[in-house]
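The sequence lines fix the lettering, A, B, ..., with proteins before strands; numbering per chain opens at 1.
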Amino acid sequence: MRHLLNRVAATLPVMAVVAVLVFLLIHLSPGDPAALIAGDTASADDIARLHAALGLDRPLWSQFLLWAGRLAQGDLGTSIFTHVPVSRLLAQRVEPTLSIALLTMTLAVAASIPLGVLAAHMAGRWVDRLVMLFAVLAFSVPVFLVGYLLIYGFAITLGWLPVQGYVPLSKGVGPWLSHLILPCVNLSLVYTALLTRMTRATVLDVLHEDHIRTARAKGLGVVAVLGHALRCAAIPIVTTIGVGIAFLIGGVVVTETVFAIPGIGRLVIDSVQRHDYPVIQSVLLLSAGLYVLVNLLIDLSYRLFDPRIRA
Amino acid sequence: MTVPSPQADQAGRPPLLDIRDLRTHFDTPDGTVRSVDGVSYRLEARETLGIVGESGCGKSVTALSVLRLLPTPPARFAGGEIRFQGTDLLGLSEREMRRIRGNRISMIFQEPMTSLNPVLTVGRQIAEAVTLHQKIGRRQAWQRAVEMLRLVQIADPERRAGEYPHQMSGGMRQRVMIALALACHPDLLIADEPTTALDVTIQAQILELLRDLQAKLGMGIVMITHDLGVVAECCDRVVVMYAGRKVEEASVADLFERPLHPYTRALMASMPSLQGRGGRLAEIPGMVPAPQELGTGCAFAPRCPLATERCRRETPDFTGAATGHGVACFEAAPARHQPVVLHRHAGARP
Ligand SMILES: Nc1ncnc2c1ncn2[C@@H]1O[C@H](COP(=O)(O)OP(=O)(O)O)[C@@H](O)[C@H]1O
Ligand SMILES: [Mg+2]
């Protein structure tokens with residue numbers, strides 16, 4: 001418990017630094033946001049008014065305190081472009097992105113752990129070579145290409161699945177899943193490749209350790225021995241899974257674009273095009289926060305998988 | 001400990017372990033490595049047989065062959081039989097072999113620090129073996145694990161069962177290994193250098209523990225070591241191995257009194273305790289030839305002070321097995337019982 005509190009407390013300075021960086025990133029980037037927002041036809045007066053409205057005429061430290069103070073109260077600001085509170089914008093986008101991230105990772109884990117363990121068990125033989133070939137292909141073929149092929153095959157030609165779009169979970173698991181399955185399969189290929197390689201390498205290492213010989217000497221069969229090996233290989237595998245989830249949440253831009261899913265990735269693209277600073281800042285903060293959170297969870301899970309870390 | 005005759009039991013019962021002319025080779029990219037090349041030994045129930053020889057002479061490969069724990073390929077059984085209570089283990093299926101491992105034949109290894117699974121409690125590792133081989137519930141298996149830990153004299157076994165290997169010292173982990181190996185009361189225990197990695201006082205404790213447990217449980221023990229001191233302390237009979245072959249076999253008393261093979265005598269000369277001084281082992285000059293370097297003739301000839309032309313040309317047969325003291329050497333003569341001083345042969349690294 002004390003450990004838990006310590007770990008959580010340790011994330012606070014990280015988040016503070018992130019907040020400063022996110023703030024500076026926008027305000028030190030070239031170009032006057034007010035001018036950009038106002039557009040080509042705006043007069044100098046219009047721009048000056050906009051400056052005042054956005055608080056851009058004050059000193060930087062004062063702007064930061066104002067922004068950070070609002071942030072601390074949960075006020076992420078209002079979108080310059082849509083005039084909708086950013087928190088509401090984000091809330092709409094979080095469900096699709098989270099859905100994609102978690103389903104993608106579930107598919108990737110379900111495929112890659114058995115594949116990786118099998119490849120390690122068969123190391124050097126043709127099954128192993130086949131699995132590794134698949135991993136290389138899955139990793140190197142562009143996501144959008146596979147995405148369009150999947151749409152063409154399963155949605156257009158066979159007509160089994162919807163082409164694009166997103167249906168919230170509240171409208172039923174069936175429609176939700178049928179809209180998600182193609183983008184998630186698409187996206188999971190890369191993570192399956194990554195995790196398969198990771199699992200194979202770590203399990204293969206463990207299989208050469210002395211205690212595996214002990215396990216076999218006591219009469220355990222292949223499956224049980226591989227189970228022992230997988231347990232010992234858990235930490236690098238779990239780390240990869242966690243980092244993968246964090247990446248996925250941080251924005252699955254290409255997939256959201258190909259499958260026309262209104263998630264966070266799309267929000268970022270749109271907001272950058274429109275110079276919608278409050279939204280960009282909030283998404284950056286949210287992503288960083290999620291990243292820190294996932295890292296914290298990975299860290300805590302180590303203690304679950306390796307008793308030596310508990311000591 | 002009793003010293004049964006090395007020959008077959010009067011009642012006609014087969015010996016506990018009977019290895020006949022075993023050849024275990026490895027197929028490597030550099031050619032065939034004949035790590036074990038015609039080894040025979042046998043062991044009766046409740047007997048302790050020592051296997052001695054320098055590192056690399058094939059002791060472990062022989063032992064791992066018995067449990068069929070070598071990966072095939074690269075390992076290959078090129079000939080021979082391994083009879084356990086009359087059954088040839090080399091003819092069994094993997095499934096049948098699994099029922100024997102950890103149940104009727106167990107093995108403990110040299111490295112107590114790495115031979116246990118780091119992420120499972122020691123109690124669970126022992127209980128796992130028990131549930132595997134016996135129709136017994138989880139709770140009873142755990143109970144058995146605790147009993148076994150008590151049997152190997154680990155203090156506070158209830159608490160220790162719930163601990164992980166990293167929480168224990170090397171000596172204690174080796175006790176855990178012994179508890180694990182004996183949890184299903186096997187008939188045969190193969191101990192592969194069980195004390196080599198431990199310091200001297202712990203070594204003595206572990207050997208004594210094994211002696212006690214043998215008296216209680218009555219298993220036969222194959223004690224692999226490169227230390228004749230360990231043999232003197234706990235074995236009934238000894239097989240001396242050199243470069244994948246058996247070069248001498250005798251009862252312990254016989255061997256120490258009348259070593260026949262020049263290699264055995266050299267091993268004895270290198271034993272600190274027999275020379276009445278402590279400290280480091282005196283080195284035997286020269287090196288065990290790598291199995292792939294073996295040519296014709298006696299493998300020991302290049303290092304042997306008594307070697308003749310014939311030794312370099314022909315491989316000596318193992319003779320005298322019927323008398324209970326056999327040797328594979330043309331020049332072995334009990335009369336020539338003098339200290340053996342070895343040459344450094346040309347191929348040996350200084
Ligand atoms: N997997 C393997 N591939 C090739 N050679 C091996 C393999 N395992 C063991 N050997 C060789 O077999 C010989 C005997 O080894 P081993 O039985 O471990 O010796 P020791 O008597 O020290 O236990 C050594 O020369 C070793 O190099
Ligand atoms: Mg060895």
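- Expressed to the nearest 0.5 Å, how far CG of A/Asp210 lies from CE of B/Met113 amounts to 12.0 Å.
- Contacts between A/Ile212 and chain B at a heavy-atom distance below 4.5 Å are absent for every atom of the residue.
- Within the model, atoms CZ of A/Arg216 and CZ of B/Arg68 stand 10.5 Å from one another, a figure rounded to the nearest 0.5 Å.
- Scanning all heavy atoms of the two residues, the minimum distance from B/Ser115 to A/Thr214 falls at O-OG1, 2.6 Å.
- Of the atoms belonging to B/Leu69, heavy atoms from both backbone and side chain fall under 4.5 Å from chain A.
- Taking a 6.0 Å sphere around CZ of A/Phe139, one finds it holds 12 or fewer heavy atoms contributed by other residues, nucleotides or ligands.
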Apply side chain to side chain contact (heavy atoms under 4.5 Å, CB included) to B/Leu180 and A/Lys218, showing your working. CA-CA 8 Å; B/Leu180 170 59; A/Lys218 69 185 182 189; 3.8 Å; yes
Is there a side chain to side chain donor-acceptor pair (under 3.5 Å) between A/His228 and B/Glu128 once you walk through the steps? CA-CA 11 Å; A/His228 269 226; B/Glu128 193 179 25; 2.9 Å; yes
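- Interatomic distance, CD of A/Glu209 versus CG of B/Leu116, reported as 12.5 Å (0.5 Å rounding).
- Other residues, nucleotides and ligands contribute over 12 non-hydrogen atoms within 6.0 Å of the CZ atom of B/Arg76.
- Interface remark: B/Leu64 contributes side-chain atoms only to the contact with chain A (heavy atom separation under 4.5 Å).
- In terms of heavy atoms, A/Cys232 sits closest to B/Pro118 at SG-CD, 4.3 Å.
- In this structure, chain A has a heavy atom under 4.5 Å from the side chain of B/Met177, while its backbone stays farther away.
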